[in-house]
Structures are given as C-alpha cells and as structure tokens.
**Student:** 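Pasting in a structure now, in structure tokens, and then I'll have a few things to ask.
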Amino acid sequence: MSTHITAEKGMVAECVLLPGDPLRAEHIASTFFKNPVKYNETRGMYGFTGEWNGHRVSVQGTGMGMPSFSIYANELIDFFGCKKLIRVGTCGSNNKNLKLRDVFIAQSANTDSGMNADRFGSSFHFAPVPSFSLMYKAYEEAVKAGIPVTVGPCFSSDKFYDDRHDEKMAMMHKLGIMAEEMEAAELYTLGALKNVETLALFTVSDDILTGEQTTAKERQTTFNNMIEIALRSFFS
C-alpha cells in the first residue's frame, strides 16, 4: 500500500485527472463521473474513481507545488499502475492574449525548481515537455467541442510568494512564456522517467499583467471546459 493514497490495488483507474485542490477533485467526481467512489481521504486529499461515457477514470487531489505533487504522482504510477495523467489546474497569465478563464495547454515547462538539478546534476538541464499524443488530442478535442484554447510554454515556479517575481515575469514575458503555475515541470519529468503519458491543462485564474483574479469558489467549481477537454483526450 502507498503511504499517502490509502487505497487498495485496482481502486484507481489507469487514467487520472490531477487537480491541486481536493475540493476541485470532489467537484469533478460529482459533476462528471457516474457512480463515483471515494478511494482516498488521507490528509484531506480526496481521490475518486467513477465512469465517464462508459470509461473508468479517476481524479486525485495533489496539493500545491512540485514536492507535494510529486508524492501523489509517484504513488499513482508506482503503486497503482496509472498510465495517463492529466493535470487540471489554474495558472496566471503573463500574455495579453491569454485572458481570464481561458483554457491553456502547456507545451513545455520551464522552471526555477531545484528538483531536476538534484536528480540529474548541475551539468545536465532537462527540458520537460508533455506527451505529444495527449497534447495533440487535447487541442483536437477542444477544437471539435468549440472550446477556445491556447497552446504555449509555461513557467513552473517553486515559490508562490517570491521577492523576485516581477523580475522573473519580465524575463518570461521576453521569452514568450505565456503562463505561470507550480507543477507541470515535475509532471512532465516524471512522464519521461517513468514512461507514462502526461499533460498539463490550465484555466487562467489570474492575470499577472492586469491584476484581475477569479474567486476561490470559481476555481473550485466552474472551470469545467478544461475537464471536458481532458476527459475527451483520455478516450478519443
């Protein structure tokens, strides 16, 4: 049994949605799944398995930041045999064409995290990217569903409160990096290391350039377009 996901073998599906917020996991299960069953509530990090359009699928909360995310992603892959993992999270826009509540697909994940430097050593700089098959399907399914979507590079930050935030965002903006979040680089790295398919989808919850923000309630319960895209991407 895994340490942080106290479920029996077979209780988690091969395809898993990964929101940071456990309350968003609960919302996804109750809104999109048929016959959802809660398999985990350890540390309040809810996990559910149910059916979507006849397909077995799970959703697991991961918490915020790469260290927390890595715990749950590692356990899902190593202990439960999960093969396709899609993060469904929120991001801050650093681009004038990426607006509040837009859906964003991260085609690469730049980062200031020390996790990969620790893994690979300081002389090797790994470039974390998603599975092309999942990224292509997500874009294709969004177009089919008539859901506007933007594809571009993101920045996975190790700090939410960062004294150098403005400096870093100016550099990201210059490099064409469109959004900031906190988990995609670790997801994409684990996908490469463990030979599983990974993708990070986001809804823009705040605009770094204008200061606009959505509410906590909106972030928990109304960002459904990216969930629809993710589910279609698993099973198309």
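Owing to the predicted nature of the structure, the values given are computational and were not obtained by experimental measurement.
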**Student:** Does a side-chain N-to-carboxylate-O contact under 4.0 Å join Lys194 and Asp78?
**Tutor:**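 Judged by the 4.0 Å cut-off on N to carboxylate O distance, Lys194 and Asp78 do form a salt bridge.
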**Student:** Salt-bridge test for Lys99 and Glu212: reply yes if a basic N is under 4.0 Å from a carboxylate O, no otherwise.
**Tutor:**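 No, no charged N to carboxylate O under 4.0 Å.
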**Student:** Just wondering, do Leu209 and Asn94 contact through their side chains at under 4.5 Å, heavy atoms?
**Tutor:**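 Of all side-chain heavy-atom pairs linking Leu209 with Asn94, at least one is under 4.5 Å.
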**Student:** Can you find a heavy atom in the side chain of Phe104 that is under 4.5 Å from one in the side chain of Met178?
**Tutor:**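 Answer yes - side chains close enough.
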**Student:** Does atom CZ of Phe235 have more than 12 heavy-atom neighbours, drawn from other residues, nucleotides or ligands, at distances under 6.0 Å?
**Tutor:**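 Enclosed: over 12 neighbouring heavy atoms sit under 6.0 Å from CZ of Phe235.
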**Student:** Quick check on the hydrophobic clustering: are Val143 and Phe202 connected, directly or via other members, by side-chain heavy-atom contacts under 4.5 Å?
**Tutor:**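 Not linked; separate clusters.
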**Student:** Do side-chain atoms of Asn40 reach the backbone of Met45 as a donor and acceptor pair under 3.5 angstrom?
**Tutor:**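 Side chain of Asn40 to backbone of Met45, a donor-acceptor pair under 3.5 Å: yes, one is there.
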**Student:** Does Phe79 CZ have over 12 foreign heavy atoms under 6.0 Å away?
**Tutor:**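 Check passes, neighbour count above 12.
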**Student:** If you count heavy atoms of other groups shown closer than 6.0 angstrom to NZ of Lys83, is the number above 12?
**Tutor:**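 Count not over threshold, so no.
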**Student:** Salt bridge check: are Lys168 and Asp162 linked by an N-O gap of less than 4.0 Å?
**Tutor:**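 Salt bridge between Lys168 and Asp162, a charged N being under 4.0 Å from a carboxylate O: yes.
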**Student:** Kindly compute the distance separating OG1 (Thr150) from CG (Leu98), expressed to the nearest 0.5 Å.
**Tutor:**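 Thr150 OG1 to Leu98 CG: 5.0 Å, rounded to 0.5 Å.
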**Student:** Would a single hydrophobic cluster contain both Val129 and Ile86, if residues Ile, Leu, Val, Met, Phe, Trp and Tyr are joined by side-chain heavy-atom contacts under 4.5 Å?
**Tutor:**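 No, Ile86 does not connect to Val129 through the hydrophobic network.
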**Student:** Compare every heavy atom of Pro36 with every heavy atom of Ala29, then report the nearest pair and how far apart it is.
**Tutor:**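 It is O-CG, 3.7 Å.
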**Student:** Is it true that Tyr72 and Leu190 fall in one hydrophobic cluster, defined by side-chain heavy atoms closer than 4.5 Å?
**Tutor:**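 Tyr72 and Leu190: separate clusters.
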**Student:** Show the nearest heavy-atom pair for residues Ala138 and Ser233, with the distance to one decimal.
**Tutor:**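 Answer, listing the atom of Ala138 first, then Ser233: CA-OG, 3.0 Å.
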**Student:** Nearest 0.5 Å, please: how far is CZ in Arg101 from OG1 in Thr203?
**Tutor:**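 So the OG1 of Thr203 and the CZ of Arg101 are separated by 10.5 Å.
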**Student:** Just wondering, more than 12 heavy atoms not from Arg56 lying within 6.0 Å of its CZ?
**Tutor:**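 Yes - once you tally the heavy atoms of other residues, nucleotides and ligands closer than 6.0 Å, there are more than 12.
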**Student:** Could you tell me which non-hydrogen atom of Met11 sits nearest to which non-hydrogen atom of Thr49, and how far apart they are?
**Tutor:**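 Heavy atoms of Met11 and Thr49 come nearest at O-OG1, 2.7 Å.
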**Student:** When rounded to the nearest 0.5 angstrom, what distance separates CE in Met169 from CZ in Phe155?
**Tutor:**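 Met169 CE to Phe155 CZ: 5.0 Å, rounded to 0.5 Å.
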**Student:** Keeping Ser58 on the side-chain end and Val16 on the backbone end, is there a donor-acceptor pair under 3.5 Å?
**Tutor:**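 Not confirmed, Ser58 side chain does not pair with Val16 backbone.
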**Student:** If you round to the nearest 0.5 Å, how far is SG of Cys91 from CE of Met182?
**Tutor:**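 One gets 13.0 Å once the value is rounded to the nearest 0.5 Å.
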**Student:** Phe48 vs Tyr46 aromatic rings, parallel, tilted or perpendicular, using cut-offs 30° and 60°?
**Tutor:**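 Judged by the thresholds at 30° and 60°, the geometry between Phe48 and Tyr46 is perpendicular.
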**Student:** Apply side-chain contact (heavy atoms from CB on, under 4.5 Å) to residues Lys137 and Leu199 and explain how you reach the verdict.
**Tutor:** CA-CA 10 Å; Lys137 286 177 183 177; Leu199 181 65; over 6 Å; no
**Student:** In the structure I gave you, are the side-chain heavy atoms of Ile77 and Leu85 within less than 4.5 Å of one another anywhere?
**Tutor:**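 Ile77 vs Leu85: side chains touch.
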**Student:** Determine whether Leu18 and Leu76 satisfy the following criterion, side-chain contact (heavy atoms from CB on, under 4.5 Å), listing intermediate values before the conclusion.
**Tutor:** CA-CA 10 Å; Leu18 301 173; Leu76 288 167; 3.5 Å; yes
**Student:** Can you tell me if Glu197 and Ser133 form a side-chain donor-acceptor pair at under 3.5 Å?
**Tutor:**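 Note: Glu197 and Ser133 side chains meet the donor-acceptor criterion.
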**Student:** Any chance the side chains of Ser93 and Asp207 put a donor and an acceptor closer than 3.5 Å?
**Tutor:**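 Side chains of Ser93 and Asp207: no pair found under 3.5 Å.
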**Student:** Is it the case that atom NE2 in His4 sees more than 12 heavy atoms from other parts of the structure closer than 6.0 Å?
**Tutor:**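 Enclosed: over 12 neighbouring heavy atoms sit under 6.0 Å from NE2 of His4.
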**Student:** Can you confirm whether the side chains of Ser157 and Glu181 place a donor and an acceptor under 3.5 Å from each other?
**Tutor:**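 Short answer, no.
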**Student:** Distance-only, no hydrogens or angles: does the Glu183 side chain make a donor-acceptor pair with backbone N or O of Met66 under 3.5 Å?
**Tutor:**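 No: the side chain of Glu183 does not pair with the backbone of Met66.
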**Student:** Roughly how far, to the nearest 0.5 Å, is the OG atom of Ser122 from the CZ atom of Phe124?
**Tutor:**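 Answer for the CZ-OG pair, Phe124 versus Ser122, is 12.5 Å.
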**Student:** Kindly say whether Thr214 contributes a backbone atom to a donor-acceptor pair with the side chain of Ser205 at under 3.5 angstrom?
**Tutor:**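 Pair absent, no side-chain N/O of Ser205 close to backbone of Thr214.
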**Student:** Is there a side-chain contact between Arg87 and Phe69 (heavy atoms, below 4.5 Å)?
**Tutor:**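 Yes - at least one pair of side-chain heavy atoms lies under 4.5 Å apart.
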**Student:** Would you mind reporting whether Val12 and Glu75 have side-chain heavy atoms less than 4.5 Å apart?
**Tutor:**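 A side-chain contact is absent here, since even the closest heavy-atom pair is not under 4.5 Å.
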**Student:** Any link between Ile208 and Phe223 through a network of hydrophobic side chains (Ile, Leu, Val, Met, Phe, Trp, Tyr) touching at under 4.5 Å?
**Tutor:**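 No.
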**Student:** Just say parallel, tilted or perpendicular for the rings of Phe32 and His27, cut-offs at 30° and 60°.
**Tutor:**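 Geometry flag for His27 against Phe32: perpendicular rings.
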**Student:** Please assess His55 against Phe234 for the test side-chain contact (heavy atoms from CB on, under 4.5 Å), listing each intermediate value before the final yes or no.
**Tutor:** CA-CA 9 Å; His55 300 282; Phe234 277 146; over 6 Å; no
**Student:** With rounding to the nearest 0.5 angstrom, report the CD to CD1 distance, Gln60 to Ile5.
**Tutor:**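 Output value for this atom pair is 4.5 Å.
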**Student:** Indicate whether the side chain of Ser70 and that of Glu186 have a donor and an acceptor atom separated by less than 3.5 Å.
**Tutor:**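 A pair is found: one side chain offers a donor N or O, the other an acceptor, under 3.5 Å apart.
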**Student:** Does Tyr188 reach the main-chain N or O of Ala200 with its side chain, forming a donor-acceptor pair under 3.5 Å?
**Tutor:**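 Here the side-chain-to-backbone pair exists.
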**Student:** Side-chain contact test, heavy atoms from C-beta onward, threshold under 4.5 Å: evaluate it for Met172 versus Pro153 and give yes or no.
**Tutor:**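 Of all side-chain heavy-atom pairs linking Pro153 with Met172, none is under 4.5 Å.
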**Student:** Please name the pair of heavy atoms, one in Met226 and one in Leu201, separated by the smallest distance, quoted to 0.1 Å.
**Tutor:**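 Looking at all heavy atoms of both residues, the closest pair is O-CD1, 3.5 Å.
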**Student:** Could you report the tightest heavy-atom contact between Ile177 and Cys154, atom names first, then the distance?
**Tutor:**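 For Ile177 and Cys154, the tightest heavy-atom pair comes out as CG2-C, 3.5 Å.
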**Student:** Are the side chains of Met115 and Thr189 in contact, using a 4.5 Å heavy-atom criterion?
**Tutor:**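 Contact flag for Thr189/Met115 side chains = no.
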**Student:** Which heavy atom of Ser156 sits nearest a heavy atom of Ala185, and at what distance?
**Tutor:**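 Heavy atoms only, the tightest pair is OG-N, 3.0 Å.
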**Student:** Could you tell me if the side chain of Leu134 sits less than 4.5 Å from the side chain of Thr198, heavy atoms only?
**Tutor:**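 Answer no - side chains too far apart.
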**Student:** Under the 3.5 angstrom rule, does the side chain of Glu167 hit a backbone N or O of Arg164 as a donor-acceptor pair?
**Tutor:**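 Here the side-chain-to-backbone pair does not exist.
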**Student:** Do Tyr39 and Glu8 pair up side chain to side chain, a donor and an acceptor below 3.5 Å, judged on atom types alone?
**Tutor:**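 Result is no, nothing qualifies.
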**Student:** Between Val151 and Phe132, is there shared hydrophobic-cluster membership here, with clusters defined by ILVMFWY side-chain heavy atoms closer than 4.5 Å?
**Tutor:**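 Per the 4.5 Å side-chain linkage, Val151 and Phe132 are co-clustered.
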**Student:** Has Asp112 got a side-chain atom pairing as donor or acceptor with Asp158's backbone, closer than 3.5 angstrom?
**Tutor:**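 Yes; at least one donor-acceptor contact below 3.5 Å.
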**Student:** Using the side-chain contact (heavy atoms from CB on, under 4.5 Å) rule, take Leu17 and Leu231 through it: C-alpha gap first, then chi angles, then the decisive distance, then the call.
**Tutor:** CA-CA 8 Å; Leu17 300 172; Leu231 289 167; 3.9 Å; yes
